[in-house]
2 protein chains.
Amino acid sequence: MDITKDNSAGIWAKKFYLASRAVVETTLRPYDLGSSQWYVLWHLVHDGPMAQRDLLRLLQVEKPTLSGIVRALVRKGIVDQMPDPEDQRQRILKLTPAGVRLWHNLPDPIALIRKDAFEGVDEEDIATVVRVLQSATARLQALANEGKKT
Amino acid sequence: MDITKDNSAGIWAKKFYLASRAVVETTLRPYDLGSSQWYVLWHLVHDGPMAQRDLLRLLQVEKPTLSGIVRALVRKGIVDQMPDPEDQRQRILKLTPAGVRLWHNLPDPIALIRKDAFEGVDEEDIATVVRVLQSATARLQALANEGKKT
DNA sequence: TTCCTTTAGTTCGGCACCTAACTAATATGG
DNA sequence: CCATATTAGTTAGGTGCCGAACTAAAGGAA
């Protein structure tokens with residue numbers, strides 16, 4: 001009874017996620033940046049300064065998760081976190097000059113994954129992967145929400 | 001330019017992994033057990049006591065990762081970790097009586113995911129998901145190994 | 001205006017991962 | 001036989017994720 005047989009799609013989703021995170025983090029390590037830290041920079045570069053709460057929705061993570069990522073970026077001097085004068089609860093996030101300089105030297109880890117993992121793979125197969133995983137995720141999240149309400 | 005479009009299979013693999021981990025951990029939380037901790041128990045139940053190094057290969061994680069999981073299980077009184085008399089470097093892992101009792105009350109989180117996420121999904125689609133993710137993972141790991149050697 | 005609720009963010013503690021650097025013990029080659 | 005690998009496991013520190021519980025500020029209702 002091989003347990004991996006029972007949930008092979010789940011097992012491989014996990015393995016792929018961990019492998020791609022490893023590649024991205026290896027790529028970014030020389031710049032002392034984690035994968036989610038990079039993604040925060042990406043948003044700040046492409047959308048300009050924004051409140052932490054807006055980033056929260058873009059990244060789709062919980063508050064303490066983003067709080068930790070931001071703390072690391074502030075510690076490294078890459079991002080400034082200042083209170084919004086309009087609403088003293090909110091914090092505006094903005095790249096520092098050092099952050100802007102860093103960004104210009106950074107490789108694009110998303111392009112790397114796309115190329116090294118999926119280049120040449122049948123488009124329809126990829127569409128199937130997306131469709132199956134998307135629906136499976138929705139089903140699990142529905143289950144989780146149901147459990148919360150009950 | 002939506003970044004998610006560029007690597008949608010990767011994005012959904014991640015989302016699915018996180019969602020399934022959340023469901024599993026919610027299921028196991030009443031028993032004060034994490035997902036990987038559960039998987040260690042599963043192996044100890046099905047294969048009997050074994051050295052930590054053998055578990056390492058079964059779980060396919062790095063040494064410090066397993067070390068942390070084992071430490072948590074020992075702290076909770078679920079697993080005993082004793083030196084192998086044959087080889088003083090190795091540690092034999094064995095369920096405690098409390099661990100055995102706990103196991104008998106535990107739900108099966110793998111069955112849960114299989115049912116709630118994939119039940120009714122076309123077998124061929126699942127096969128495609130496995131095939132694509134498996135090959136993508138292999139490509140990334142090959143890349144990682146190459147980088148190590150160079 | 002005052003009280004109450006909601007919202008934004010942090011802190012704490014926990015899980016699951018990693019690399020780098022370490023100890024202790026066994027195995028091996030000269 | 002002894003010096004030198006190699007192997008097993010731990011520790012330290014970092015990333016990314018979570019829920020629970022907290023503070024502070026803003027919004028609303030009586």
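Numbered from 1 within each chain, the chains take letters A, B, ... in sequence-line order. FYI, side chains are in, hydrogens and waters are out, and symmetry mates aren't considered; it's all heavy atoms of this structure.
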**OP:** Establish, yes or no, whether a centroid distance under 6.0 Å links the rings of A/F118 and A/F16.
**Re:**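 Yes, ring centres under 6.0 Å apart.
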Please report, rounded to the nearest Å, how far the [atom2] atom of [N] is from the [atom1] atom of [X].
X	N	atom1	atom2	result
A/D32	D/dG13	CG	P	15 Å
B/Q141	C/dC18	CD	C1'	14 Å
A/R53	D/dA25	CZ	P	18 Å
A/Q52	C/dT11	CD	P	11 Å
A/W38	D/dG16	CH2	C1'	16 Å
B/M50	D/dG9	CE	P	12 Å
A/Q90	C/dT7	CD	C1'	9 Å
A/D54	C/dA8	CG	C1'	11 Å

**OP:** For residues A/I113 and B/L140, determine if any side-chain heavy atom of one lies less than 4.5 Å from a side-chain heavy atom of the other.
**Re:**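 They are in side-chain contact.
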Subject >> Any side-chain donor near an acceptor of the partner, A/Q141 and B/K15, under 3.5 Å >> reply: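 Side chains of A/Q141 and B/K15: no pair found under 3.5 Å.
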**OP:** Scan residues 58-78 of chain A against DNA chain C and write down, sorted by residue number, each residue with any heavy atom closer than 4.0 Å; if none is found, say none.
**Re:**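 Correct list: A/K63, A/P64, A/S67.
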Subject >> Stretch residues 80-89 of chain B: residues that reach within less than 4.0 Å of DNA chain C through a heavy atom >> reply: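 DNA chain C contact set from residues 80-89 of chain B: B/D87, B/Q88, B/R89.
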**OP:** Take A/R29 and B/R21, find for each the nucleotide of DNA chain C with the closest heavy atom, and name the residue whose nucleotide sits nearer the 5' end.
**Re:**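 On the 5' side of the pair lies B/R21.
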Test item: [X] side-chain N/O and [Y] main-chain N/O as donor-acceptor pair under 3.5 Å:
X	Y	answer
A/S67	A/K63	no
A/R114	B/G10	no
B/T96	B/G77	yes
B/R89	B/P83	no

**OP:** Ignoring the backbone of A/Q37, work out which of C/dT19, D/dT15, D/dC17 is nearest its side chain.
**Re:**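 Looking only at side-chain atoms, A/Q37 lies closest to D/dT15.
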Subject >> Ion pair check, A/D84 and A/R91, cut-off under 4.0 Å >> reply: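 Salt bridge: no.
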Original post:
Below 4.0 angstrom from OP1 or OP2 of D/dG16, is there any side-chain N or O of B/K14?
Top reply: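 False: B/K14 side-chain N/O out of range (4.0 Å or more) of D/dG16 OP1/OP2.
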**OP:** Please state whether the phosphate of D/dG16, meaning OP1 or OP2, lies under 4.0 angstrom from any side-chain nitrogen or oxygen of A/S35.
**Re:**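 Checking D/dG16 against A/S35, a side-chain N or O does come within under 4.0 Å of OP1 or OP2.
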**OP:** Evaluate the side-chain contact (heavy atoms from CB on, under 4.5 Å) criterion for residues A/D47 and A/L55: first the C-alpha distance (whole Å), next the side-chain angles of each, then the deciding distance (0.1 Å), finally the verdict.
**Re:** CA-CA 10 Å; A/D47 298 341; A/L55 208 43; over 6 Å; no
